[in-house]
Amino acid sequence: MRFVDEFRAADVIGKATEEIRRLADPQRHYRFMEVCGGHTHAIYRFGLKDLLPPNIELVHGPGCPVCVLPMGRIDDGLSMAEDPNVIFTAFGDMMRVPGAHGSPLEHKARGMDVRIVYSPADALKLAQKNPGKHVMFFAIGFETTAPSTALTLMRAKKEGVANFSIFCNHVTIIPAIRAILDSPDMRIDAFIGPGHVSTVIGCRPYAWIAANEGKPIVVSGFEPVDVLQSIVMLLAQLGNAEAKVENQYKRVVPWEGNRAALKAIGEVFELRPYFEWRGMGFISQSALRIRDSYGQWDAEQRFHVPGVRITDPKSAQCGEVLKGVLKPAQCKLFGKECTPERPVGALMVSSEGSCAAYYNYEHRKAAAFTTIGAKA
Ligand code: SF4
């Protein structure tokens with residue numbers, strides 16, 4: 001297969017669906033976690049859940065970096081930009097994420113200099129064009145985006161750009177999976193492994209999930225055929241009482257990962273002893289911080305960071321949804337107080353957030369059917 005249409009072809013989807021029905025034991029209930037928010041989005045966008053037998057349950061994982069960031073980190077980042085000399089920059093999907101005193105966009109409406117950039121390199125360019133200002137980039141993401149932050153810092157150092165810094169919120173996927181497996185309220189049979197992160201880290205770091213935990217994991221692409229083929233591969237492993245790491249996304253993910261990207265991460269970052277994740281608490285060695293050799297460009301060293309710890313509103317159940325304990329629609333606020341237009345939690349904001357994906361595809365579809373039914 002070479003073109004995207006081939007990964008959406010009805011006949012191939014039909015064959016994969018048939019294979020899933022053939023392999024799934026009707027006496028058994030399967031719980032497969034898709035770790036990555038991109039998979040959650042694809043599952044709802046393409047209606048893949050409706051193609052599966054009812055005894056295959058897809059559980060949404062913590063692989064949306066905007067969603068797992070605790071609210072206090074957003075407030076910490078915004079507090080740095082209270083200095084009128086600072087330009088706050090971030091990716092577009094950060095802009096509507098609520099902090100305790102509003103989102104970056106709401107702060108912009110109140111006069112803060114907040115700007116959307118498409119990459120950390122754009123933020124660096126902005127700093128070079130505005131030598132009288134300080135440009136702070138709110139860096140976020142798993143190992144997927146950490147290399148571009150690292151390369152930007154290496155460039156800032158090489159070119160001696162002094163009015164630029166990074167507020168580092170990069171997290172790492174493996175400790176989050178470990179925390180899920182250690183969670184007493186979780187029962188997962190197998191994992192649909194994250195495709196984007198794996199382009200950088202490769203497949204090897206997942207070996208312990210199969211070897212020590214006895215859980216199959218298949219690194220998967222994001223098209224309908226990819227996700228369905230990955231489910232076929234997981235069912236085949238479970239049917240043979242096997243647990244191994246497989247790579248369905250070979251066209252993009254090298255088994256050993258991207259050595260140049262890993263080298264850049266290692267040059268600029270080191271592991272934090274611990275980091276707070278929304279709904280999951282503090283997880284040891286689960287995030288990156290900037291090495292002292294790049295400390296001049298570390299916003300946490302240049303600015304006072306209040307270290308705000310804000311708990312989500314009591315009725316918001318983002319933590320349970322992030323851990324896969326609840327489905328988005330089971331949150332008390334879903335579709336009422338919390339909608340994409342008026343989000344309470346980040347899961348309703350990010351394009352990879354499970355609440356936003358569920359609302360935009362499942363909820364709107366159900367609402368449309370209700371309207372059609374009422375008119376008929
Ligand atoms: S519906 Fe809103 S409050 Fe509830 S889990 Fe989703 S984002 Fe959080």
Side-chain angles (χ1 to χ4, degrees), residues 31 33-45 47 49 57-78 90-107 138 140-142 169 171 176 179-180 183 185-186 188 275-283 308-368 370:
R31 297 189 91 225
M33 174 173 274
E34 84 274 2
V35 176
C36 180
H39 286 134
T40 306
H41 185 84
I43 286 160
Y44 286 127
R45 178 178 173 209
K49 196 170 67 68
E57 184 185 349
L58 296 178
V59 180
H60 318 310
C64 159
V66 174
C67 307
V68 298
L69 194 71
M71 205 187 260
R73 289 294 283 185
I74 295 154
D75 294 319
D76 282 343
L78 287 166
F91 293 139
D93 59 353
M94 276 301 301
M95 288 294 155
R96 293 177 57 246
V97 178
H101 307 292
S103 65
L105 218 51
E106 286 166 318
H107 280 73
F138 193 111
I140 189 166
F142 285 92
N169 292 281
V171 285
I180 282 165
S183 172
D185 47 4
M186 273 320 292
I188 300 291
F275 192 73
E276 187 184 3
W277 291 56
R278 184 187 290 248
M280 298 171 77
F282 286 88
I283 304 178
V308 187
R309 286 204 65 206
I310 309 278
T311 47
D312 286 331
K314 252 198 176 144
S315 43
Q317 293 175 287
C318 308
E320 285 94 329
V321 174
L322 270 173
K323 284 191 290 183
V325 176
L326 287 184
K327 299 278 188 255
Q330 290 173 313
C331 170
K332 293 186 200 94
L333 305 187
F334 181 88
K336 299 178 200 105
E337 287 90 342
C338 187
T339 63
E341 290 75 28
R342 295 180 64 82
V344 175
L347 288 74
M348 194 56 101
V349 180
S350 169
S351 58
E352 294 199 349
S354 53
C355 294
Y358 192 89
Y359 190 95
N360 286 326
Y361 297 109
E362 289 289 304
H363 184 71
R364 289 196 204 277
K365 186 173 73 184
T370 309

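Atoms within each ligand, like the ligands themselves, are counted from 1 in listed order. Reckoned from all heavy atoms, side chains included, excluding hydrogens, waters and symmetry mates. Values in this document were obtained by computation on a predicted structure and should not be read as measured data.
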Could you walk me through whether R45 and N360 pass side-chain contact (heavy atoms from CB on, under 4.5 Å), step by step?
CA-CA 8 Å; R45 178 178 173 209; N360 286 326; over 6 Å; no
How far apart are the C-alpha atoms of Q330 and V321, what are their side-chain angles, what is the distance that settles it, and do they pass the side-chain contact (heavy atoms from CB on, under 4.5 Å) test?
CA-CA 9 Å; Q330 290 173 313; V321 174; over 6 Å; no
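- Minimum interatomic distance between A329 and Y358 (heavy atoms only, all atoms of both residues): CB-CE2, 3.5 Å.
- Protein atoms that are N, O or S and lie under 2.8 Å from atom 4 (Fe) of ligand 1 are these: C331 SG.
- Here the closest non-hydrogen pair linking Q317 and L326 is NE2-CD1, 3.5 Å.
- Looking only at distances, no side-chain donor or acceptor of R73 sits under 3.5 Å from a matching main-chain atom of E276.
- For the pair L347/P328, no side-chain contact is recorded, criterion being any heavy-atom separation below 4.5 Å from C-beta on.
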